[in-house]
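Throughout, numbering of the chain's residues begins at 1 and tracks the sequence. Computation of the quantities below employed the complete heavy-atom set of this structure, encompassing side-chain atoms and omitting hydrogens, waters and symmetry-equivalent molecules. This structure is a prediction, so every number in the text was calculated from the model and none was measured.
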Amino acid sequence: MKQYSFSKNVVWKTAFFVLFLCLLFPPMESAQETSSKSAYHNYAELTKAVKNLEANYSQVVKLLSIGKTVQGRDVWLLRLSGIEGSPLEKQALFIAANLEGDHLIGSEVALGIAENLASNYGKNAEVTAVLDKRTFYIVPRLNPDGAEAFFNDVKIERSENFNPRDEDYDWRIDEDGPEDLDGNGFITKMRVKDKDGDWIIDEKDPRLMKKKEPGTPLDKLYTIYTEGIDNDGDGLYNEDAPGGFNINRNFPHNFGYKPKGLKVYPASEVETQALIGFMTRYDPQIKTQPHLNICGVLVFSTFDNLAGEAGIECGTPVFPEPPQSEGPETGGRMMRFFRMGRRGGDQAAEQPRPTDPQSKKTDGRDLPLFRAVSEKYKELTGITSTHSENPFGSLLEYAYFQYGVPSFSANLWSFREEKPAGPPSKRRASGEGIAEAPPAKARTQMPSMDRSAMMQRFLAMRQGGAQGGGPAPSSDVDAKWLKWIDEKNEGRGFIPWTSYEHEQLGTVEIGGFVPYLRVNPPQSEIPELVKNHTAFSLFLAGQFAEIRMNSPEVEKLSSNLYRLTVKVVNHGEFPYCTNMGERTRNVNPILIRLHFEDDKKMELFGGNKRVDLNTLDAGGEKEYKWLIISPPGKKVDVTLWARKGGGAFKKTAILK
């Protein structure tokens, strides 16, 4: 496949940080002054861009709002399809981006793809041909509330939405968030000496922190917090910030959650509900699920199975343990309630933890498809490696393991390395610093603890031992980012540790990576990413199964007996249905039906008038034969319906 090149702020309190931010994030031009391919859009600018796209290319583009967030923002969806055929009948590629609130690069690339497709329809032969055969559903920003934090005067890297939630179970909501103590416009980290701490300064680079080692002197130990104070006086720092939940951990496959307060369950967030509803909702007016024409899903998120490991290997979600406290009459009793059978009591046998019935790995028969797409992605984009962790509760997993279609995710901006640090099953399970759950035996022997200690432990699980938002320190990966900052970003991107007198902790040091640096590239990188991922999207949409049947063949066996033969062929590069799709039973089978001109005079002698075919491999074919008793000259209509294979077709045979 050919690659096509398509025609193409922040209040600071000191002068130093004005210069610093300008160097790191060059000033953004308005949507009127620049192409959306080269700047990050806030919600108002994004809304204007998608509305202009529909107005300027109304034959190709339709703009829909598939839901509203808790802060009242629309979740926009762009439907793009050429003038040939019905958009709901054509096979569709679904593209979703900016599920994590901090992953704005995904939003920009998705919007850029839509702009390239719309503006090149009727001008570029490949774009025109693909849009005449395919539909694109593009959600450029599924988490607009979370994304808007990027444009605040004070920046903090956060992936969640802003759904209010009591995260520390104290019956108060969002009462203990971070503060910009040093007034530089960034929420970073605080490190404070603490003999009970878990961190030490990395001797190789004092800018970095690493986990303590056995025998480390107590005066070398530190605790790490997110920048801020303990607003509610509970001994915890920034444990109940405004919002929220990461939309890309909220889908109903392999779902898990860290302590996030009440109202947490699969698809608990309105954004998740809006997307799933669009993909699956039944429309009573047209008496069908109109968007089951989606044949593949492409996600721009922090997970990656294109430049990274092909296929999908789920991470291990964790769940908060039931609370425990000293004494048999309090927490111990509650723990026994969770561990024992329904009858309870000290004599009841402890119940084993239930096994998880969900599929956690790509079906082996689907792996060749994922590997082939991965290789083509690397060829078209030039991105040949990535740093990615195994997902849980993600759209990537839901689309493949439950919706039943091939699904892919591209990180777009991460530390690149040719070989992953270890086998996929050994990598950390999530992008939010949640450690894998300990074995069942270990969990049953965890010591009792009061509420404060319990919350400290949960926060440690949440952030790899560091309280507060944003990624937890990791010397190995962070050292590589520092090298990139020093060598390729002119030293911009890390705020040196600076002493500060904290009103509660005493002397602390504030510093760390600039928010968003490791999630979103410089905006100068956007045009190339848009161009290459437009090419990949066109390629991916062109791979879907194309189910056709040849003209029926009639063979006269006797005066009133005929054999009717039809061959069904898949001319596409993908199978009609993945093996996982067959297991989910969420993919409509290929349907072949016979309709007689005269049911009173015509009779089916061999075969069935309706035949269901669950799948057909790429390049595969299937032949069907029927015996029909009929007077000569009668007509038989053969209809083929393949919801994810090109729609409905009818051919007529005359028995003679």
Euclidean distance, Asn56 CG relative to Glu115 CD, rounded to 0.5 Å | 10.0 Å
Measuring from Phe596:CZ to Ile628:CD1, what's the distance to the nearest 0.5 Å?
-> 4.5 Å
Verify the neighbour count for atom NZ of Lys622: are there more than 12 heavy atoms of other residues, nucleotides or ligands below 6.0 Å?
-> no
Return each pair, listed once, that meets salt bridge (Lys or Arg N to Asp or Glu O under 4.0 Å) where at least one residue sits in residues 582-596; pairs must be two or more places apart or across chains.
-> Asp363-Arg583
Run the side-chain hydrogen bond (donor to acceptor under 3.5 Å, both in side chains) check on Thr534 and Asn116 step by step: do they pass?
-> CA-CA 7 Å; Thr534 300; Asn116 277 343; 3.0 Å; yes
Under the ring pair (Phe, Tyr, Trp, His ring centres under 6.0 Å) test, which residues partner Phe408, sequence neighbours left out?
-> Phe370
Polar contact flag, side-chain donor to acceptor under 3.5 angstrom, Ser65-Asp74 = yes
To the nearest 0.5 Å, tell me how far Phe94 CZ sits from Ser407 OG.
-> 12.0 Å
Counting only heavy atoms not in Gln289, do more than 12 fall under 6.0 Å of its CD?
-> yes
Verdict with supporting geometry, Glu100 and Thr302, side-chain hydrogen bond (donor to acceptor under 3.5 Å, both in side chains) = CA-CA 8 Å; Glu100 298 97 347; Thr302 57; 2.9 Å; yes
His291: ring pair (Phe, Tyr, Trp, His ring centres under 6.0 Å) partners, not counting sequence neighbours = Tyr137, Phe278
Please confirm whether the backbone N or O of Gly82 pairs with a side-chain atom of Lys90, one donor and one acceptor, at under 3.5 Å?
-> yes
What salt bridge (Lys or Arg N to Asp or Glu O under 4.0 Å) pairs are there with at least one residue in residues 626-643, not counting sequence neighbours?
-> Asp598-Lys634
Ring geometry between Phe539 and Phe536 (parallel below 30°, tilted from 30 to 60°, perpendicular above 60°) | tilted
Do Lys133 and Glu84 sit within salt-bridge range, that is, some charged N less than 4.0 Å from a carboxylate O?
-> no
Working for side-chain hydrogen bond (donor to acceptor under 3.5 Å, both in side chains), residues Asp102 and Ser159 = CA-CA 5 Å; Asp102 52 358; Ser159 59; 5.1 Å; no
Got a donor-acceptor contact below 3.5 angstrom from the Asp304 side chain to the Gly308 backbone?
-> yes
Ring pair (Phe, Tyr, Trp, His ring centres under 6.0 Å) partners of His103, counting only residues at least two apart | none
Under 3.5 Å, is there a donor-acceptor pair between the side chain of Thr381 and the main chain of Asn532?
-> no
When rounded to the nearest 0.5 Å, the distance separating CG of Leu63 from OG of Ser58 is 12.5 Å
Is the backbone N or O of Ile294 less than 3.5 Å from a side-chain atom of Lys644, with the two atoms forming a donor-acceptor pair by type?
-> yes
Pair Asp599 + Lys609: basic N to acidic O under 4.0 Å | yes
Evaluate whether atom CZ of Phe649 has more than 12 neighbouring non-hydrogen atoms of other residues, nucleotides or ligands under 6.0 angstrom away.
-> yes
With no hydrogens and no angle check, is any side-chain donor or acceptor of Ser414 less than 3.5 Å from a backbone partner on Asn411?
-> no
State, without any angle test, whether Thr272 and Asn250 hold a side-chain donor-acceptor pair at a distance under 3.5 Å.
-> yes
Can a donor-acceptor pair be found between the side chains of Lys601 and Ser630 at a distance below 3.5 Å?
-> no
Of all residues at least two apart in sequence or in a different chain, which pass the side-chain hydrogen bond (donor to acceptor under 3.5 Å, both in side chains) check with Glu269?
-> Asn161, Asn163, Arg165
Without swapping roles, check the side chain of Glu397 against the backbone of Phe392 for a donor-acceptor pair under 3.5 Å.
-> yes
Report yes or no: does Asn570 contribute a side-chain atom to a donor-acceptor pair with the main-chain N or O of Leu616 at less than 3.5 Å?
-> yes
Hey, is Lys376 close enough to Glu573 for a salt bridge, meaning N to O under 4.0 Å?
-> no
With a 3.5 Å cut-off and no angle check, do the side chains of Tyr400 and Asp366 form a donor-acceptor pair?
-> yes
Is Asn254 reaching over with its side chain to a backbone N or O of Pro317, donor-acceptor style, under 3.5 angstrom?
-> no
Rounded distance (nearest 0.5 Å) linking atom NE2 of His533 with atom CG of Leu540 = 11.5 Å
Drop me the distance from Arg73's CZ to Asn143's CG, to the nearest 0.5 angstrom.
-> 10.0 Å
Check whether the side chains of Tyr121 and Asp132 place a donor and an acceptor atom closer than 3.5 Å, and report yes or no.
-> yes
Can a salt bridge be assigned to the pair Arg134 and Glu546 using a cut-off of 4.0 Å between side-chain N and carboxylate O?
-> yes
Backbone N or O of Gly311 within a donor-acceptor pair of the Thr362 side chain at under 3.5 Å?
-> no
